[in-house]
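Within every chain, numbering begins at 1; the chains are lettered A, B, ... in the order of the sequence lines, protein sequences first and strands thereafter. These numbers come from the heavy atoms of this one structure, side chains and all, not from hydrogens, waters or symmetry mates.
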Number of protein chains: 2
Amino acid sequence: MSVVKKDVALRYGGSVLSLRKDDILFHEGDSANFFYQIEKGSVKMVTYSVDGKEFIQGLFYQGDCFGEPPLLAAFAYPGSSVTLTDSKILRIPKDRFFDLLKDNFDIHLQLDRILCERLRYKNMILSEISFYDPEHRIISLLNYLKSKAPASDQLFQVPLTRQQLADMSGMRVETVIRTIKRMEEAGKLQIQDHKIFI
Amino acid sequence: MSVVKKDVALRYGGSVLSLRKDDILFHEGDSANFFYQIEKGSVKMVTYSVDGKEFIQGLFYQGDCFGEPPLLAAFAYPGSSVTLTDSKILRIPKDRFFDLLKDNFDIHLQLDRILCERLRYKNMILSEISFYDPEHRIISLLNYLKSKAPASDQLFQVPLTRQQLADMSGMRVETVIRTIKRMEEAGKLQIQDHKIFI
DNA sequence: TCCCCTTTATGACTCAAATCATAAAAACAA
DNA sequence: TTGTTTTTATGATTTGAGTCATAAAGGGGA
């Protein structure tokens, strides 16, 4: 389910962009002029260190919106948005988006819930990084991802590479690879064809 | 300036609690039933590790509200709130607070800005922790604190203990103490009577 | 099918922050 | 003023994740 339905978005000046994998929608430091929502595809919000390391601030999929904080609170984007796959992105100009919020209390409240959920995620990651060892961090991250996925009685297949897990939890790939391997040996998760199941 | 003015709060069922230093307003895991705003005093939101380490998710002062995410998005508090000084806390019951938001678009938007600013802070801390060494982390944290304080041509006195800085940036006190001392020797900040100025 | 690029994998080594211990200084309360 | 707690300070030691190097496996495109 998307935050803003397409017909509503169109009434408020919404338009659709077609992007290819690895396209950049906005860069760190840009000012925010649009509300963005994924119609099809996936996007990562990332920050880069001066020596090129990447930290994934968030991953977004069909129906998700992203990049609202700079829009709502008027600061520069703290990260860049990069498509992970070919994508169609719905965007609404800033002024019209504020009109939309004013006219639609339910959407406004839904947006709040999304921001709050994102804060919850960041609280979790921050606690994990500052308290615990790699295994604990990975378990918590995987459990979070599982909890966000549609409920199922099947094992949850983690849809991320070890590099992505590392970039989300502040560790190096090698550490993630080694830790996950040890966790499999201890029966804490399963690996099939290098894919992680929990 | 507070988010919700007192007369507005009172019209929506607001009441004031008097708390003493180190009182706990809510615990991690509690469900959220009130909107809270500081009338006087200061509060920290913290999470604890299983072995008692503390991570400070946020510090709040006069006029600030806190603990809204669990209220808006209906999840359990991810941390506990503890008063740092004797405090007077204004609270508004959940249902009435939603009414207040519905009736006051400007307040609703202001709340969004606060949530967004908080996300920005967490993005910053996360990038710092995962990319950089203690000195860089401390500089960024101190600069952030300075940028939030009222502008002045005087040096900014950091109103936090080294332990608090450590608990906000995922390091140990000893590391913060040593790093700050080295930074002073390198002329990157000043220390007077053990107080930090930047 | 072959080639290239990404991802996973593993061993050896380094090093910086955590940990542990201890104490001085400062802040606070009685 | 004294006694107690908190905060700052510093040295010695440990350790575990980062780094570096190298390679195998897998996936996608031409």
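- Listed by chain and residue number, nothing satisfies the ring-ring contact (aromatic ring centres under 6.0 Å, His included) test with Y12(A) (two or more places apart in sequence, or in another chain).
- Helix bend of the helix from dT1(C)-dA30(D) to dA30(C)-dT1(D): the angle between its two end axes, each built from five pairs, comes to 60° after rounding to 10°.
- The stretch residues 174-181 of chain B comes close to DNA chain C through E174(B), T175(B), R178(B), each having a heavy atom under 4.0 Å from the strand.
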What donor-acceptor contacts under 3.5 angstrom involve side-chain atoms of residues 46-57 of chain B, with partners at least two apart or in another chain?
from: T47(B); atom 1: OG1; to: S127(A); atom 2: OG; distance (Å): 3.1
from: S49(B); atom 1: OG; to: D51(B); atom 2: N; distance (Å): 3.4
from: S49(B); atom 1: OG; to: D51(B); atom 2: OD1; distance (Å): 2.6
from: S49(B); atom 1: OG; to: G52(B); atom 2: N; distance (Å): 3.4
from: S49(B); atom 1: OG; to: K53(B); atom 2: N; distance (Å): 2.9
from: D51(B); atom 1: OD2; to: K53(B); atom 2: NZ; distance (Å): 3.4
from: E54(B); atom 1: OE2; to: K44(B); atom 2: NZ; distance (Å): 2.9
from: Q57(B); atom 1: OE1; to: K122(B); atom 2: NZ; distance (Å): 2.9
from: Q57(B); atom 1: NE2; to: N123(A); atom 2: O; distance (Å): 3.1
from: Q57(B); atom 1: NE2; to: S127(A); atom 2: OG; distance (Å): 3.1

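- Side-chain contact check for E128(B) and S140(B): at least one donor-acceptor pair (N or O, by modelled atom type) lies under 3.5 Å.
- Side-chain contact, K21(A) with T85(A): no donor N or O sits under 3.5 Å from an acceptor N or O.
- Taking side-chain N and O atoms only, R162(A) has no distance below 4.0 Å to OP1 or OP2 of dT7(C).
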### Task
Take F98(B) and L109(A) through the side-chain contact (heavy atoms from CB on, under 4.5 Å) test and state the conclusion after the steps.
CA-CA 9 Å; F98(B) 279 98; L109(A) 209 53; 3.7 Å; yes
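- Sorted by residue number, the members of residues 125-146 of chain B with any non-hydrogen atom under 4.0 Å from DNA chain C read D133(B), P134(B).
- DNA chain C lies under 4.0 Å from at least one heavy atom of each of the following residues of residues 189-198 of chain B: H194(B), K195(B).
- The footprint of chain A on DNA chain D, defined by a heavy-atom cutoff below 4.0 Å, extends from dA17(D) to dG27(D).
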### Message
Between I139(A) and I198(A), does the side-chain contact (heavy atoms from CB on, under 4.5 Å) criterion hold? Intermediate values first, please.
### Response
CA-CA 9 Å; I139(A) 292 174; I198(A) 192 169; 5.6 Å; no
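- For Y144(A), the ring-ring contact (aromatic ring centres under 6.0 Å, His included) criterion is met by Y121(A), not counting sequence neighbours.
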### T179(B) and E135(B): CA distance, side-chain angles, deciding distance, side chain to side chain donor-acceptor pair (under 3.5 Å) verdict
CA-CA 6 Å; T179(B) 305; E135(B) 178 167 323; over 6 Å; no
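- Under the 4.5 angstrom side-chain criterion for Ile, Leu, Val, Met, Phe, Trp and Tyr, the cluster partners of L155(B) are F197(B).
- Between the CG atom of L165(A) and the C1' atom of dT6(C) there is a distance of 16 Å, rounded to whole Å.
- With sequence neighbours left out, D30(B) forms a salt bridge (Lys or Arg N to Asp or Glu O under 4.0 Å) with no residue at all.
- Counting only distance, with no hydrogens or angles, the side chain of R91(B) and the backbone of G14(B) share no donor-acceptor pair below 3.5 Å.
- A salt bridge links K148(B) to E117(B): at least one charged side-chain nitrogen sits closer than 4.0 Å to a carboxylate oxygen.
- In this structure, V173(B) belongs to a hydrophobic cluster whose other members, linked by side-chain heavy atoms under 4.5 Å apart, are I177(B).
- Panel note: side chain S169(A), backbone L165(A); a donor-acceptor pair is recorded below 3.5 Å.
- In the hydrophobic clustering, where aliphatic and aromatic side chains (Ile, Leu, Val, Met, Phe, Trp, Tyr) are joined below 4.5 Å either directly or transitively, V43(A) groups with L17(A), L19(A), L25(A), F26(A), F34(A), Y36(A), I38(A), M45(A), F60(A), F66(A), Y77(A), I89(A).
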